[in-house]
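To start, the structure itself, in structure tokens.
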Amino acid sequence: TIDLIGLLIATAMPRRELLELLCSELGCKERTIENRLKQIISNNIPIVLPSGKTQYLSKYAEGKEILYALSDEMPN
């Protein structure tokens, strides 16, 4: 899951789009993916990009839309 997130999220990605891609790629149910994403965020699990750069997953709201993004800094 972690490696796949590093490949999929180049810029902020809508929740629905990310869940659909991960469910399709991993053959899991949406709830499983949501739980895993929550774990990655709450435990500040680093995501190493193919370039070798380490980033962290964050989740935020922009208007009514929930977005996921990678950043250089650990979320608070």
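These numbers were taken from a predicted model, which means no experiment stands behind them. No hydrogens, no waters, no symmetry mates; every other heavy atom, side chains included, goes into these values.
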Heavy-atom closest pair, residues [X] and [Y]:
| X | Y | answer |
| --- | --- | --- |
| Glu65 | Pro14 | OE2-CB, 3.4 Å |
| Asn44 | Tyr56 | O-CE2, 3.5 Å |
| Thr54 | Pro46 | CG2-CB, 3.5 Å |
| Cys28 | Ile33 | CB-CD1, 4.0 Å |
| Ala61 | Ile66 | CB-CD1, 4.0 Å |
| Ile41 | Leu57 | CG1-O, 3.5 Å |

Original post:
CG of Leu21 to CD1 of Ile9: how many Å apart, nearest 0.5 Å?
Top reply: 9.5 Å
Subject >> For Lys53, side-chain hydrogen bond (donor to acceptor under 3.5 Å, both in side chains) partners two or more places apart >> reply: Asp72
**OP:** Report whether Leu7 and Leu26 are members of the same hydrophobic cluster (ILVMFWY, side-chain heavy atoms less than 4.5 Å apart, transitive linking).
**Re:** no
Subject >> Verify same cluster id: Val48, Ile45 (apolar side-chain graph, 4.5 Å) >> reply: no
Original post:
For Leu67, which fellow cluster members are found when Ile, Leu, Val, Met, Phe, Trp and Tyr are connected by side-chain heavy-atom distances below 4.5 angstrom, either directly or through intermediates?
Top reply: Tyr60
**OP:** Hey, could you give me each pair passing salt bridge (Lys or Arg N to Asp or Glu O under 4.0 Å) that has a residue in residues 8-24? Not counting sequence neighbours.
**Re:**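 Checked against salt bridge (Lys or Arg N to Asp or Glu O under 4.0 Å) - neighbours excluded - the pairs reaching residues 8-24 are Arg15-Glu30, Arg15-Glu34, Arg16-Glu30.
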